[in-house]
Amino acid sequence: MNRQNQKIYKNSFSLFLKSTNEKKVILDFVKKNISLGKVKNVLDIGGGNGALALPLARLKKNVTVVEPNKQLAGKLNSRRIKYVNKTWENYKSSKKFDLVVAAYVVTYFKKKDLPKLIDKMYELVLPGGCLIIFTIDPKRGSWRGIHTYFYQLLGIEHKSSTYLLKSYLSKYKHVCSRSIKTLVKTKNISEMLKILAFDFYQYEPNFTKYKIELEKYLKKHLVGKGVVLKMVHEVFIIKK
Ligand SMILES: C[S@@+](CC[C@H](N)C(=O)[O-])C[C@H]1O[C@@H](n2cnc3c(N)ncnc32)[C@H](O)[C@@H]1O
C-alpha cells in the first residue's frame, strides 16, 4: 500500500473504531475464552493502531505487533509493546508466543498464500498456547451485506477468505469456532461511507462511482438520522 492509501486507510479505520463497540466486545471475548492469567507474550498480527495490543499491554502482557501500516501503528507507545513494521509474509521470529492473535487480517492475504501463512501463525504458538483468528461472517449482517451489494454492482464474484480459512483450519485437531455480534453506528450516511472507504480503497474509482447506489442501500439502515450496520464475526480458536 502506498503512503497516500495508508493515510486514507488510517483516517477511515480510526473513524470506524470510534463508531463501533467491536473492540470492547472482542476484548471481552478474549478475556472470557482465553486463560489470560497464563499468558505472558502475545503476537498481534496486523495489529492496526493497537486496539487490542494496548489493553493487553495494560493487563501486563508483552505484545509484539506486526503491522505494515506505519501511519496506524507508528505511534504505538507502551514499554510492553514492540512494534515491527512488516507484513506477516515478511516477518521472521525464532521466539514463540503463548497467544497469537490475527484480527481481521486474513482477508488481506493472497488466497494462494493463506495455508502457509496460517501454518506460520500456528508454528509460533508455544505448546499449551493458542492462536485466535477473527474474521467477518461471509453471509450474515448488514455490514457484510453492503460489501456483497457493492461486488454485485461491480459484477465481480468475491469469495470471502473466511470460507477458505474454515476449510483449511479443519486439519487442526483442537479448533473451535464462535460467533459474535457488534454494531457500527454513524450520525449520518456520509459518515458511514467515509468508514467504508477503509475496506474499499482498492476499488477506487468505483467506490466513488457507485456512491448514489451505496447511499440508497444505507437508507434502508437508517435509525432516526443515523445509520446502523450489524457485523457478525466468526472467531476461530486453535489450541496447541
Ligand atoms: C481491519 S484492520 C484490523 C486491525 C486490528 N487487528 C484490529 O482489530 O483493530 C487490518 C490490519 O491488517 C493490516 N494488514 C494488511 N495486510 C497485512 C499483512 N500482509 N500482514 C500484516 N498486516 C496486514 C492492515 O494494515 C490493518 O492494520
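In listed order, ligands and their atoms are each counted from 1. Everything quoted here is computed from the prediction, not taken from an experiment.
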Tabulated below should be the N or O atoms of ligand 1 paired with protein N or O atoms at under 3.5 Å; can you produce that?
from: ligand 1; atom 1: 6 (N); to: G46; atom 2: O; distance (Å): 2.8
from: ligand 1; atom 1: 6 (N); to: A103; atom 2: O; distance (Å): 2.9
from: ligand 1; atom 1: 8 (O); to: K23; atom 2: NZ; distance (Å): 2.7
from: ligand 1; atom 1: 9 (O); to: K23; atom 2: NZ; distance (Å): 3.0
from: ligand 1; atom 1: 19 (N); to: E89; atom 2: OE1; distance (Å): 2.8
from: ligand 1; atom 1: 19 (N); to: E89; atom 2: OE2; distance (Å): 3.4
from: ligand 1; atom 1: 20 (N); to: W88; atom 2: N; distance (Å): 2.9
from: ligand 1; atom 1: 25 (O); to: E67; atom 2: OE2; distance (Å): 2.6
from: ligand 1; atom 1: 27 (O); to: E67; atom 2: OE1; distance (Å): 2.6
from: ligand 1; atom 1: 27 (O); to: E67; atom 2: OE2; distance (Å): 3.3

Worksheet item: If you draw a 6.0 Å radius around NZ in K230, do more than 12 non-hydrogen atoms from other residues or ligands fall strictly inside?
Response: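 At most 12 heavy atoms, drawn from other residues, nucleotides or ligands, come within 6.0 Å of this atom.
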Fill in: Worked check of side-chain contact (heavy atoms from CB on, under 4.5 Å) between F200 and H147
CA-CA 9 Å; F200 290 137; H147 286 66; 3.6 Å; yes
Worksheet item: Is any side-chain heavy atom of K10 closer than 4.5 Å to a side-chain heavy atom of L72?
Response: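 When only atoms from C-beta onward are counted, L72 and K10 do touch, with a gap below 4.5 Å.
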Practice prompt. For Y83 and N77, test the side chains for any donor-to-acceptor distance below 3.5 angstrom and give the result as yes or no.
Written response: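 Distance-only check fails for Y83 and N77.
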Discussion item. Please verify the inter-ring angle class for F207 with F150; under 30° counts as parallel, over 60° as perpendicular, anything in between as tilted.
Written reply: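 Geometry flag for F150 against F207: perpendicular rings.
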Discussion item. Consider side chain to side chain donor-acceptor pair (under 3.5 Å). Of K24, K31, K32, which one does D28 pass it with?
Written reply: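 Running side chain to side chain donor-acceptor pair (under 3.5 Å) over K24, K31, K32 with D28 returns exactly one hit, K24.
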